[in-house]
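Below: the structure, in structure tokens.
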Amino acid sequence: MRIDILTLFPEMCYAYLNESIIGRARKKGAITIECENIRDYTLDKHNRVDDAPYAGTTGMVMQAQPIYDCYMSLCEALEKKPHLIYMSPQGKTLTQQRALELSKLDNIALLCGHYEGVDERVIEEIVDEEISCGDYVLTGGELPALLLADCIARMVPGVLPNEEAYTNESHFASLLEAPQYTRPYEWRGKTVPDILLSGHHKAVAAWKRQQAIRRTLLRRPDLLERADLSEKERAYVQQLKGEFESN
């Protein structure tokens with residue numbers, strides 16, 4: 001899979017992309033993630049890529065031409081049009097399910113806005129969808145683009161050791177992950193649940209499933225509406241609700 005980030009600040013993005021799990025995955029060729037500098041495509045002799053908005057509102061707006069030319073140059077290099085996502089607080093909120101769907105595509109491009117955003121006409125011309133990483137606003141689209149790239153990349157074969165490395169994580173099945181523990185066995189008077197030291201894999205899996213349901217009900221009960229629960233597990237949820245209400 002290949003992901004291209006269209007940005008004014010490629011160095012900022014590479015500082016993250018060259019490190020840790022994503023950096024190692026890029027080096028071994030499990031995934032390709034590159035940055036395209038929008039500023040390289042401006043026709044302005046001063047290298048400007050923005051201008052004042054019509055109607056006199058505050059801030060500057062990124063111009064359509066450099067973004068369009070940057071994207072079309074990428075299309076020419078790839079010999080195809082990648083699925084272009086504009087990182088925008090006006091887009092649909094990112095979910096694990098959407099990230100999973102995007103991880104199945106061969107080519108994705110992420111457009112990073114800056115200042116007050118980008119000229120609406122280039123969005124209408126080339127953008128396939130808009131995605132938001134939450135109901136808040138940042139100074140630029142680089143952090144959201146890196147967030148989305150990371151979220152997608154970890155589900156691409158070869159980036160993580162195996163599928164369990166992400167299928168057991170929070171949100172993958174509309175449940176939060178069960179608590180995790182490591183050595184030492186006792187810390188500040190708190191011990192690791194004995195079931196985790198039992199060696200009974202089936203019992204451990206059942207305990208983790210119950211803990212995931214319990215934690216989801218406590219912290220994100222809205223997720224349970226989409227979770228695939230058995231009748232026994234739904235009865236367990238009702239039992240937990242009774243316990244929580246009595247306390």
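Reckoned from all heavy atoms, side chains included, excluding hydrogens, waters and symmetry mates. Being a predicted model, the structure only gives us computed values, none of them experimental.
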Could you tell me whether the side chains of Gln65 and Asp69 share a donor-acceptor contact shorter than 3.5 Å?
yes
If I compare all heavy atoms of Met155 with all of Leu100, which pair ends up nearest, and what's the gap?
CE-N, 3.4 Å
Before giving the answer on side chain to side chain contact (heavy atoms under 4.5 Å, CB included), spell out for Ile67 and Tyr86 the whole-Å C-alpha distance, their side-chain angles and the decisive distance to 0.1 Å.
CA-CA 11 Å; Ile67 296 172; Tyr86 175 43; over 6 Å; no
Distance-minimising heavy-atom pair for Ile108 and Leu102:
CD1-O, 3.3 Å
Quick one: pull up CE in Met87 and CG in Leu6 and give me the separation to the nearest 0.5 Å.
12.5 Å
Using modelled atom types and a 3.5 Å cut-off, is there a donor and acceptor pairing between side-chain atoms of Arg214 and backbone atoms of Leu240?
no
Criterion side chain to side chain contact (heavy atoms under 4.5 Å, CB included) on Leu229 and Arg209, from CA distance to verdict:
CA-CA 10 Å; Leu229 303 179; Arg209 179 74 175 180; 3.8 Å; yes
If you round to the nearest 0.5 Å, how far is CG of Asn107 from CG of Leu74?
8.0 Å
OH-CG distance between Tyr16 and Asp150, expressed to the nearest 0.5 angstrom
3.5 Å
Side chain to side chain contact (heavy atoms under 4.5 Å, CB included) evaluation trace for Met62 with Ile38:
CA-CA 10 Å; Met62 290 178 64; Ile38 296 171; 3.8 Å; yes
Using side-chain hydrogen bond (donor to acceptor under 3.5 Å, both in side chains), reason through Tyr14 and Glu34 one step at a time and then give a plain yes or no.
CA-CA 8 Å; Tyr14 279 129; Glu34 300 296 341; 2.9 Å; yes
Applying a strict under-4.5 Å side-chain criterion to I, L, V, M, F, W and Y, I'd like to know whether Ile123 and Leu138 cluster together.
no
How about Tyr68: does its OH atom have over 12 heavy atoms from other parts shown lying under 6.0 Å from it?
no
State whether the number of non-hydrogen atoms from other residues, nucleotides or ligands found under 6.0 Å of Glu76 atom CD is greater than 12.
no
Taking the side chain from Arg48 and the backbone from Asp50, do they hold a donor-acceptor pair closer than 3.5 Å?
yes
Specify the closest pair of heavy atoms between Arg226 and Ser174, including all atoms of both residues, with the distance to one decimal.
CB-OG, 3.5 Å
Please check this pair: side chain of Tyr41 against backbone of Tyr71, looking for a donor-acceptor N/O pair closer than 3.5 Å.
no
How far apart are the closest heavy atoms of Arg215 and Ala178, and which atoms are they?
NH1-C, 4.5 Å
Does this structure show an ion pair linking Arg98 with Glu101, if we count only N-O contacts that are shorter than 4.0 Å?
yes
Check step by step if side chain to side chain contact (heavy atoms under 4.5 Å, CB included) holds for Glu129 and Lys92.
CA-CA 9 Å; Glu129 68 174 306; Lys92 292 183 178 179; over 6 Å; no
How close do Leu110 and Ala145 get, heavy atom to heavy atom, and via which atoms?
CD1-O, 3.4 Å
Do other residues, nucleotides or ligands put more than 12 heavy atoms under 6.0 Å from the CD atom of Glu231?
no
Quick check on Arg219: does its CZ atom have over 12 non-hydrogen neighbours (other residues, nucleotides or ligands) under 6.0 Å away?
no
If you define the side chain from C-beta out and look only at heavy atoms, does anything of Gln96 sit under 4.5 Å from Cys151?
yes
What are the two closest heavy atoms between Ile195 and Ser198, and how far apart are they?
O-OG, 2.7 Å
With the 4.5 Å side-chain cut-off for hydrophobic clustering, are Val156 and Ile131 part of the same group?
yes
Donor-acceptor pair, Thr7 side chain versus Phe9 backbone, under 3.5 Å?
yes
Where the side chain of Asp128 meets the backbone of Leu84, is there a donor-acceptor pair that is under 3.5 Å apart?
yes
So Val61 and Tyr54, do their side chains get closer than 4.5 Å, heavy atoms only?
no
Can a donor-acceptor pair be found, under 3.5 Å and without considering hydrogens, that links the side chain of Ser73 to the backbone of Cys70?
no
Backbone of Glu186 reached by a side-chain donor or acceptor of Thr191 within 3.5 Å
no
I'd like to know if the side chain of Lys28 reaches the main chain of Gly158, judged simply by a donor and an acceptor atom lying under 3.5 Å from each other, with no hydrogens or angles considered.
yes
Within this structure, what is the OG-CD1 distance for the pair Ser20 and Ile22, rounded to the nearest 0.5 Å?
7.5 Å
Is there a path of hydrophobic side-chain contacts, each under 4.5 Å between heavy atoms of I, L, V, M, F, W or Y residues, that connects Leu143 with Tyr136?
yes
Do side-chain atoms of Thr42 reach the backbone of Asn47 as a donor and acceptor pair under 3.5 angstrom?
no
Does Asp228 have more than 12 heavy atoms from other residues, nucleotides or ligands lying within 6.0 Å of its CG?
no
Inspect the surroundings of CD1 in Ile21 and state if more than 12 heavy atoms from other residues, nucleotides or ligands are less than 6.0 Å away.
no
Out of curiosity, Glu177 CD to Thr216 OG1, how far, rounded to the nearest 0.5 Å?
10.5 Å
For Glu116, which residues count as a salt bridge (charged side-chain N to carboxylate O under 4.0 Å, His left out) partner, sequence neighbours excluded?
none
Shared ILVMFWY cluster between Ile5 and Met72, side chains joined below 4.5 angstrom?
no
Spacing of CZ belonging to Arg220 relative to CG belonging to Leu175, to within rounding of 0.5 Å:
11.5 Å
Count I, L, V, M, F, W, Y as connected when their side-chain heavy atoms are under 4.5 Å apart, and connections chain through other members. Are Met60 and Val122 then in the same cluster?
yes
